K.L.:
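After the structure tokens below, expect a handful of questions from me.
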2 protein chains.
Amino acid sequence: MRPLDVTKREEEYLETIYILHKNKGVIRVKDIARIMNVKPPSVVDALKKLAEKGLIEYEKYDRILLTDEGRKIAEKTYSKHVLLTQFFVDILGIPPEIAEQDACQFEHYVHEITVQRMKEFASFIQENCSYVLKNFLKEKLEE
Amino acid sequence: MRPLDVTKREEEYLETIYILHKNKGVIRVKDIARIMNVKPPSVVDALKKLAEKGLIEYEKYDRILLTDEGRKIAEKTYSKHVLLTQFFVDILGIPPEIAEQDACQFEHYVHEITVQRMKEFASFIQENCSYVLKNFLKEKLEE
DNA sequence: TCACCTGATTAGGCTACCCAAAAAGATTTA
DNA sequence: TAAATCTTTTTGGGTAGCCTAATCAGGTGA
């Protein structure tokens, strides 16, 4: 196993590609650029690097595809994204848009155990004192 | 009001300076370097930029001091750091070292409302179903 | 089929951040 | 106080990531 080191930013590109693939099948440079808030040349730079690292398949003017390794990273990141967002919204009552933004950054740093624990905590509370949670959220959402 | 834009990394330097000042009073380049895991020349680069932005007072070979503006940023960041760490440890039962690391990154991105809400949530749970929380933590800490 | 449009790519250049090696300043010690 | 030592700073250079302007490829309508 090569000791790949994937930067935060590369992880974001992988995640974007993963989501585009999931939603539309086709992946275009300009869509990646739009979503990531950069210009197309920056996307091309990134694609070259990701291809060199074996995380995507990419031939210029051709299709863009995640390799198994790239997809693995993207899936892991994306699942953290989803779990973090859920926790912020469902447990803390954070407005979805803000929760998204927070998740979108934290997902690249947070330890596996922390996300896992958030998930377990959410279930535990919902099972054992869901009415307390409801009160908390009610109070916060009313403010 | 100048529209300062402070990078994540600069925020980290400010926070380190703030903590060193709080703990020891004196601030040395080599201590900053050790804590931030960089070499002294990198610290000097950073100090120059922070001084240009008016966030620290710095004359070479002389003392390093936060300005009011610099301290304000450092304090805000540090308080997020503390609150995030507490939440991870006290509510989720994350090992302190990991909690520290997670907090240390997230503190630079997290919205004010999210940290605030974590704080309120922690109090709310501790007041309203501390016993459920205890069970959760017990279960997790035993594993 | 050719001129035009759109999207992708290349070329060249910028900033933030980091480093090693060498020079300069401060400090300690003989 | 002069030499040795420690700390800080400068110099010169590297990488990641982004941009604008120019070029290239592919499709489309006249």
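Only this structure's heavy atoms are used, side chains among them; waters, hydrogens and symmetry mates stay out. Labels below follow one simple rule: chain letters A, B, ... track the order of the sequence lines, proteins then strands, and each chain is numbered from 1. Since we're looking at a predicted model, the values are computed, not measured.
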K.L.:
Measure the spacing between OG1 of B/Thr114 and CZ of B/Phe106 and express it to the nearest 0.5 Å.
P.N.:
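Interatomic distance, B/Thr114 OG1 to B/Phe106 CZ, rounded to 0.5 Å: 6.0 Å.
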K.L.:
Could you walk me through whether A/Lys140 and B/Glu120 satisfy the salt bridge (Lys or Arg N to Asp or Glu O under 4.0 Å) test, starting with their C-alpha distance in whole Å, then the side-chain angles of each, then the deciding distance to 0.1 Å, before giving a yes or no?
P.N.:
CA-CA 10 Å; A/Lys140 293 307 163 191; B/Glu120 292 163 359; 2.9 Å; yes
K.L.:
Check the distance between C/dG7's C1' and A/Ile27's CD1 and give it to me in whole angstrom.
P.N.:
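Rounding to the nearest Å, CD1 of A/Ile27 and C1' of C/dG7 are 16 Å apart.
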K.L.:
For A/Asp31 and C/dA8, what is the distance between atoms CG and C1' respectively, to the nearest whole Å?
P.N.:
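So the two atoms are 13 Å apart, to the nearest Å.
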K.L.:
Can you list the steps and then say if A/Glu52 with A/Tyr58 is a side chain to side chain contact (heavy atoms under 4.5 Å, CB included)?
P.N.:
CA-CA 9 Å; A/Glu52 266 172 34; A/Tyr58 166 63; over 6 Å; no
K.L.:
If only side-chain N and O atoms of B/Tyr61 are considered, is one of them under 4.0 Å from the OP1 or OP2 phosphate oxygen of C/dT27?
P.N.:
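No, because none of the side-chain N or O atoms of B/Tyr61 sits under 4.0 Å from OP1 or OP2 of C/dT27.
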K.L.:
Taking atom types as modelled and ignoring hydrogens, do the side chains of B/Lys8 and B/Gln105 form a donor-acceptor contact shorter than 3.5 angstrom?
P.N.:
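There is such a pair between these side chains.
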K.L.:
Without decimals, in angstroms, what is the distance between A/Arg63 CZ and C/dA8 C1'?
P.N.:
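Rounding to the nearest Å, CZ of A/Arg63 and C1' of C/dA8 are 16 Å apart.
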K.L.:
Round to the nearest Å and state the distance from A/Ile32 atom CD1 to C/dT9 atom C1'.
P.N.:
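Going from CD1 in A/Ile32 over to C1' in C/dT9 covers 14 Å.
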K.L.:
Reading DNA chain D in the 5' to 3' direction, which nucleotide is the first one with an atom under 4.0 Å from a heavy atom of chain B, and which is the last?
P.N.:
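Listing 5' to 3', DNA chain D meets chain B from D/dT7 to D/dT10.
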K.L.:
Is there any protein nitrogen or oxygen under 3.5 Å from a nitrogen or oxygen in nucleotides 17-22 of chain C, and what are the pairs?
P.N.:
unit_1: C/dC17; atom_1: OP1; unit_2: B/Thr7; atom_2: OG1; d: 2.4
unit_1: C/dC18; atom_1: OP1; unit_2: B/Arg9; atom_2: NE; d: 2.5
unit_1: C/dC18; atom_1: OP1; unit_2: B/Arg9; atom_2: NH2; d: 2.7
unit_1: C/dC18; atom_1: OP2; unit_2: B/Tyr13; atom_2: OH; d: 2.9
unit_1: C/dC18; atom_1: N4; unit_2: B/Asp45; atom_2: OD2; d: 3.3
unit_1: C/dC19; atom_1: OP2; unit_2: B/Lys39; atom_2: N; d: 2.7
unit_1: C/dC19; atom_1: OP2; unit_2: B/Ser42; atom_2: OG; d: 2.7

K.L.:
Using side-chain hydrogen bond (donor to acceptor under 3.5 Å, both in side chains) as the criterion, point out the one residue from B/Lys76, B/Glu107, B/His108 that pairs with B/His81.
P.N.:
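Only match with B/His81 under side-chain hydrogen bond (donor to acceptor under 3.5 Å, both in side chains): B/Glu107.
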K.L.:
What heavy-atom pair brings B/Pro96 and B/Val89 nearest, and what distance separates the two atoms?
P.N.:
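So the two residues come closest at CA-CG2, 3.9 Å.
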K.L.:
With nearest nucleotides of DNA chain D determined for B/Lys48 and B/Lys30 from heavy-atom distances, which residue corresponds to the more 5′ nucleotide?
P.N.:
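It is B/Lys30 whose nearest nucleotide is closer to the 5' end.
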K.L.:
Does a donor on one side chain and an acceptor on the other come within less than 3.5 Å for B/His111 and B/Gln116?
P.N.:
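No, no side-chain donor-acceptor pair sits under 3.5 Å.
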K.L.:
Please verify the inter-ring angle class for A/Phe136 with B/Phe121; under 30° counts as parallel, over 60° as perpendicular, anything in between as tilted.
P.N.:
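The arrangement is perpendicular - the two ring planes meet at more than 60°.
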